[in-house]
Amino acid sequence: MPTITLPNGDTKSFDKPVSARDVAASIGTGLAKAAIGAKADFGSGGELRDLGSPIDRDCRLEIITAPRPNQKATADALYLMRHSAAHVMAEAIQDVLGKDVLLAYGPPTDTGFFYDMFIPEGKRFSTDHFDAINARIAAIIKEDRPFTRYEQPAGEALPRLNSEGNKYKVDNAERALGLPSSVYKGPKAAPVASTSDASSLRHSVTPSLSFYATGQPGKNWEDLCRGPHVPSTARIGAAQVLSLASSFWHGDENADRLTRVYGTAFPTQAELDEFLRQKEEAAKRDHRVIGKALRLFHIDEDVGQGLILWTPAGSVVRKELQTFIAAELRKQGYTEVFTPHIGRLDLYKTSGHFPYYKDSQFPPIVERDALNALADAACSCSEMLRRVEGVSPRLAAGINQRTGRETIAPDRVLPDDQLIDGFMLKPMNCPHHAKIFASAPHSYRDMPVRLAEFGTVYRWEQSGELNGLTRVRGFTQDDAHLFCTEDQIPAEIQGCLSLVKTIFNVLGMKEYRVRVGLRDPDSGKYTGSKESWDKAEAACLEAAASLGVEFSREPGEAAFYGPKIDFVVKDVIGREWQLGTVQVDYQMGPRFDLSYIGPDNKPHRPVVIHRAPFGSMERFCGVLIEHFAGAFPLWLSPEQARVLPISDKSNDYAARVLGALAERGLRATMDDSNDRVQAKIKVAADLKIPYLLVVGPRDEENGTVSIRARGIQKDLGALALPEAAAALAAERDTRGETSLAARFA
RNA sequence: GCCGCUGUAGCUCAGUGGUAGAGCGCACCCUUGGUAAGGGUGAGGUCAUGGGUUCAAAUCCCAUCAGCGGCUCCA
């Protein structure tokens with residue numbers, strides 16, 4: 001006798017078990033027609049299910065519908081369609097390539113779905129097959145075959161899967177049943193069995209497995225699957241295969257290598273086309289492509305992977321951005337410092353960076369004399385490593401005493417004369433800044449001390465991770481460390497957030513969100529007292545809430561030394577980019593034995609806030625290149641205006657125009673090549689120069705320039721030279737709030 | 001780091017075992033023009049690097065390096 005509560009609060013009672021389809025039909029035929037699935041909540045959260053699955057208990061029920069025309073699909077609807085589309089794509093692939101392609105795992109994702117599969121040895125699968133596969137996908141959708149669910153007892157289903165010879169499906173089935181895997185022997189083999197009470201889990205799991213046939217069981221294509229699916233293939237709308245990649249079974253690099261086939265599905269072909277158009281648009285904005293075309297930066301094999309050479313044009317963008325940020329920092333009471341790119345190994349042993357994170361650092365720079373001495377003594381490499389990574393008894397005593405926690409393995413504590421000294425390229429700026437703080441006594445009256453540095457750091461990113469400007473091995477953080485009292489934490493976090501807000505606004509990045517990384521309540525890995533954490537987390541959450549943008553709490557995402565706030569911005573075409581963070585750190589004070597004198601005339605530990613709200617200049621510039629598609633606002637543009645004489649008869653006047661622009665400090669050039677003006681415009685347009693000032697005899701006579709603005713494909717009209725120069729300077733100085741082009745609007 | 005694909009002129013790319021190619025860019029010449037490419041001539045290449053197969057390798061094979069797409073990672 002289920003009583004069903006609908007999203008609007010209405011209830012409906014039935015005298016026998018019903019399906020969501022029945023419920024939808026009882027409400028209206030329109031709803032029943034539009035329904036593609038349901039979300040039922042029996043008291044433990046909403047759960048997507050098939051339209052036809054039986055409901056025998058009271059629940060809250062939401063009917064998931066396909067979107068009406070001109071309406072966006074809900075996330076739940078897309079989930080159902082894409083999960084279903086993954087089956088259709090898999091069937092299409094098996095039709096094209098053969099049944100010996102073994103299917104492994106095919107979930108929906110944020111933008112589509114993928115299916116991991118094993119392609120048998122000797123079989124080729126390439127993008128050449130895509131047309132055939134897409135044709136099959138379209139045909140299957142058109143056939144409108146029902147997704148038919150049936151269950152089979154585990155005792156029958158498991159042997160059946162085994163006999164089909166697909167170990168990946170056997171593994172899926174075993175995991176679904178809560179059994180330890182008989183075929184996969186990796187680190188992530190049996191996550192369920194590792195929980196505290198495996199036996200109760202066994203009982204709670206249904207002893208049967210579900211399959212979905214795309215059509216009639218036994219007749220049409222079918223797949224082991226938990227579901228749910230849309231009622232029939234036509235309800236998927238439009239789907240297609242997109243790309244191929246490789247993956248590992250269970251993400252375990254020692255396990256089988258699988259082929260991951262990406263695809264996507266949308267309710268209508270128009271939406272799918274729009275998605276493809278956006279992908280194309282995104283590809284055109286690729287900062288690596290634009291960076292090359294506009295000569296913004298260069299990566300040279302001889303210099304090294306992931307090391308950016310900023311060419312003159314790109315240096316302008318980076319420098320302007322940095323100047324802008326630095327001016328905002330000064331307004332907020334930051335003081336600027338400079339520190340070197342390397343520091344002694346002991347410094348990083350104190351900070352804890354070395355050797356714990358040695359895999360993500362450049363190897364140490366060892367002093368020549370020490371190396372020679374070791375070579376003379378025929379020292380082995382492993383011995384050398386031990387001596388580089390070792391810690392002196394003095395340092396060990398200090399670290400243990402200060403933190404009261406860290407245990408240094410006894411075999412790492414070596415007598416001084418065995419240790420090899422050396423330097424490290426700095427992976428972070430904080431140790432240097434801590435030493436600056438510690439170099440002078442501090443009173444609570446001086447606090448907070450805000451040390452800012454565009455500090456360049458070096459990290460050994462895995463080679464496969466490197467990517468243009470967004471993932472590099474040497475980068476300059478917009479770094480600062482705020483040494484403050486606990487009471488000052490909220491205001492300082494607030495300050496960081498307001499800085500971010502100011503700068504994002506000027507750059508037109510209106511949409512962004514923050515993630516607040518909090519403790520994992522079940523873990524004991526964190527340093528600092530519970531009270532401190534409570535306060536710091538509250539401060540982060542409060543600051544995030546006050547920002548007036550979307551924020552999420554992410555338990556377990558805190559660093560071990562304190563909570564953090566991450567910034568995620570959306571660019572103009574809606575892609576999200578993770579930029580910088582603000583992190584509260586209780587660890588650094590004790591480690592570097594930092595103190596300030598409080599009102600009680602006693603020393604106190606400062607808390608340190610690390611903040612690099614834009615991450616790194618490299619990454620941020622990369623994001624901006626894509627955000628603006630290389631068409632930077634005037635103040636950031638490498639070349640702000642170009643003077644185009646229509647023939648060399650006007651070159652002298654053009655030079656005078658250029659002089660007037662230079663007097664205003666504008667970055668401008670003139671094109672005195674013997675091209676025609678049409679060609680000069682084409683060249684300048686390709687370089688995305690904001691303004692072109694065309695000058696000919698007419699202009700010379702009137703003392704004017706003819707103005708053409710980027711993106712507006714016509715002559716806007718003439719303006720007196722001094723007026724035009726002043727307007728350009730004003731557009732720069734207001735960072736676009738006033739603009740020359742707007743005068744002609 | 002792992003897997004796959006790719007590497008030819010400054011850039012974008014063609015060239016599948018037999019003399020190294022195109023467009024753009026660059027240099028020079030002609031053209032002197034009013035808003036998205038006027039015309040001509042020319043320079044420019046260790047075909048990523050190292051080995052191998054072959055009478056003969058840009059082309060086939062192996063290794064290395066780098067780029068791309070993923071996977072894994074990111075204090």
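Values reported hereafter were calculated over all heavy atoms of this structure, with side chains retained and with hydrogens, waters and symmetry mates removed. So you know, we letter chains A, B, ... as the sequences are listed, proteins then strands, and number each from 1.
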Quiz item: If we take the P atom in both C26(B) and C62(B), what is their distance in whole Å?
Solution: 42 Å
Quiz item: Quick one: on RNA chain B, does Leu466(A) or Ala685(A) contact a more 5' nucleotide (nearest heavy atom)?
Solution: Ala685(A)
Self-check item: Nucleotide U32(B), atom C1' - distance to CG of Asn674(A) in whole Å
Solution: 9 Å
Quiz item: When we call it a touch if two heavy atoms are under 4.0 Å apart, what does Tyr356(A) touch: a base, just sugar-phosphate, or nothing?
Solution: nothing
Exercise. Considering just the side-chain nitrogens and oxygens of Ser360(A), establish if one lies under 4.0 Å of OP1 or OP2 belonging to A75(B).
Key: no
Exercise. Go ahead and name the base partner of A66(B); Watson-Crick or wobble counts if both distances stay under 3.5 Å, otherwise write none.
Key: U6(B)
Practice problem: Could you let me know what G34(B) is paired to, Watson-Crick or G-U wobble, both distances under 3.5 Å, or none if it's on its own? | Solution: none
Exercise. Take the protein atom CD1 of Ile689(A) and the nucleotide atom C1' of A36(B), then report the distance between them rounded to whole Å.
Key: 13 Å
Quiz item: What distance, rounded to whole Å, do you find between the two P atoms, one in G33(B) and one in G38(B)?
Solution: 14 Å
Practice problem: Kindly say if Lys292(A) contacts the phosphate of U12(B), meaning a side-chain N or O under 4.0 Å from OP1 or OP2. | Solution: yes
Self-check item: Basic-acidic side-chain contact under 4.0 Å: Glu723(A), Arg743(A)
Solution: yes
Quiz item: So what does Arg676(A) hit on the nucleic acid, given a heavy-atom distance under 4.0 Å: a base, only sugar-phosphate, or nothing?
Solution: base
Exercise. Report yes or no: is the cationic atom of Arg260(A) (NZ for Lys, CZ for Arg) under 6.0 Å from the centre of the six-membered ring of Phe114(A), at an angle within 45° of the ring normal?
Key: yes
Self-check item: Out of A66(B), A75(B), G34(B), whichever nucleotide has its closest atom nearest the side chain of Tyr561(A)
Solution: A75(B)
Quiz item: With the threshold set at 4.0 Å, does a side-chain nitrogen-carboxylate oxygen contact exist between Glu461(A) and Arg471(A)?
Solution: yes
Exercise. Taking atom C1' in both U46(B) and G4(B), compute the distance separating them and give it to the nearest angstrom.
Key: 29 Å
Quiz item: Which part of the nucleic acid, if any, lies within reach of Ser706(A) when heavy atoms closer than 4.0 Å are counted: base, sugar-phosphate only, or nothing?
Solution: base
Quiz item: For C74(B), does OP1 or OP2 lie under 4.0 Å from any side-chain N or O of Arg471(A)?
Solution: no
Self-check item: Distance between P atoms of C11(B) and C68(B) (Å, rounded)
Solution: 15 Å
Quiz item: Can you tell me how far C1' in A43(B) sits from the matching atom in C24(B), rounded to whole Å?
Solution: 16 Å
Practice problem: Report the distance from atom CD of Glu700(A) to atom C1' of G33(B), rounded to the nearest whole Å. | Solution: 16 Å
Quiz item: Between A37(B), G1(B), U32(B), which nucleotide gets closest to the side-chain atoms of Lys649(A)?
Solution: U32(B)
Quiz item: Is the shortest distance from a Lys or Arg side-chain nitrogen in Asp652(A) or Arg656(A) to a carboxylate oxygen in the other one below 4.0 Å?
Solution: no
Exercise. Establish whether the base of G34(B) is bridged to the side chain of Asp699(A) by a donor-acceptor pair shorter than 3.5 Å.
Key: yes
Quiz item: Considering heavy-atom distances to RNA chain B, does Gly464(A) or Ser673(A) have its closest nucleotide positioned more toward the 5' end?
Solution: Gly464(A)
Quiz item: Which base sits across from U16(B) as a Watson-Crick or G-U pair, both distances under 3.5 Å?
Solution: none
Practice problem: Figure out the NZ/P separation between Lys682(A) and G38(B), and round it to whole Å. | Solution: 11 Å
Quiz prompt | Backbone of Ser650(A) reached by a side-chain donor or acceptor of Glu700(A) within 3.5 Å | solution = no
Exercise. Look at the side-chain N and O atoms of Tyr262(A) and state whether any lies under 4.0 Å from the OP1 or OP2 oxygen of C71(B).
Key: yes
Quiz item: Between Glu639(A) and Lys688(A), is there a salt bridge with N-O shorter than 4.0 Å?
Solution: no
Self-check item: Rounded distance (Å) that lies between atom P of A75(B) and atom CZ of Phe354(A)
Solution: 19 Å
Self-check item: Leu296(A) CG to C11(B) C1', straight-line distance once rounded to whole Å
Solution: 15 Å
Quiz item: Quantified in whole Å, what is the P atom distance between nucleotide G17(B) and nucleotide C74(B)?
Solution: 47 Å
Quiz prompt | Identified pairing partner of A43(B), criterion: Watson-Crick or G-U wobble below 3.5 Å | solution = none
Exercise. Establish, with yes or no, whether the OP1 or OP2 oxygen of G69(B) is under 4.0 angstrom from a side-chain nitrogen or oxygen of Asn467(A).
Key: yes
Quiz item: Should Tyr458(A) and His341(A) be marked as a ring-ring contact (aromatic ring centres under 6.0 Å, His included) after you check the CA-CA gap, both sets of side-chain angles, and the distance that decides it?
Solution: CA-CA 9 Å; Tyr458(A) 299 89; His341(A) 287 213; 5.8 Å; yes
Practice problem: Return the nucleotide paired to A75(B): Watson-Crick means purine N1 to pyrimidine N3 with N6-O4 or O6-N4, wobble means G-U with N1-O2 and O6-N3, both under 3.5 Å. | Solution: none
Quiz prompt | Base paired to A57(B) (Watson-Crick or G-U; both N/O distances under 3.5 angstrom) | solution = none
Self-check item: Heavy-atom closest pair, residues Ala536(A) and Val584(A)
Solution: CB-CG1, 4.0 Å
Practice problem: Give the rounded distance in Å between these two atoms: CZ of Arg515(A) and C1' of C74(B). | Solution: 13 Å
Quiz item: What's the OH-P distance between Tyr105(A) and G70(B), to the nearest Å?
Solution: 18 Å
Self-check item: Distance between C1' atoms of C2(B) and A9(B) (Å, rounded)
Solution: 35 Å
Quiz item: Is any side-chain N or O of Arg288(A) closer than 4.0 Å to OP1 or OP2 of C68(B)?
Solution: yes
Quiz item: To the side chain of Ala559(A), which of A75(B), G34(B), A36(B) is closest?
Solution: A75(B)
Quiz prompt | Pair Lys564(A) + Glu557(A): basic N to acidic O under 4.0 Å | solution = no
Quiz item: From U35(B), G33(B), A75(B), pick the nucleotide closest to the side chain of Asp715(A)?
Solution: U35(B)
Exercise. Give one of base, sugar-phosphate or nothing for Gln583(A), where a contact means two heavy atoms less than 4.0 Å apart.
Key: nothing
Quiz item: C65(B) phosphate, OP1 or OP2: any side-chain N/O from Gln305(A) under 4.0 angstrom?
Solution: no
Quiz item: How is Gln462(A) classified with respect to the nucleic acid when contacts are heavy atoms under 4.0 Å: base, sugar-phosphate, or nothing?
Solution: base
Exercise. Indicate whether OP1 or OP2 belonging to U35(B) is found under 4.0 Å from a side-chain N or O atom of Arg708(A).
Key: no
Quiz item: When the P atoms of U49(B) and G7(B) are considered, how many whole Å apart are they?
Solution: 13 Å
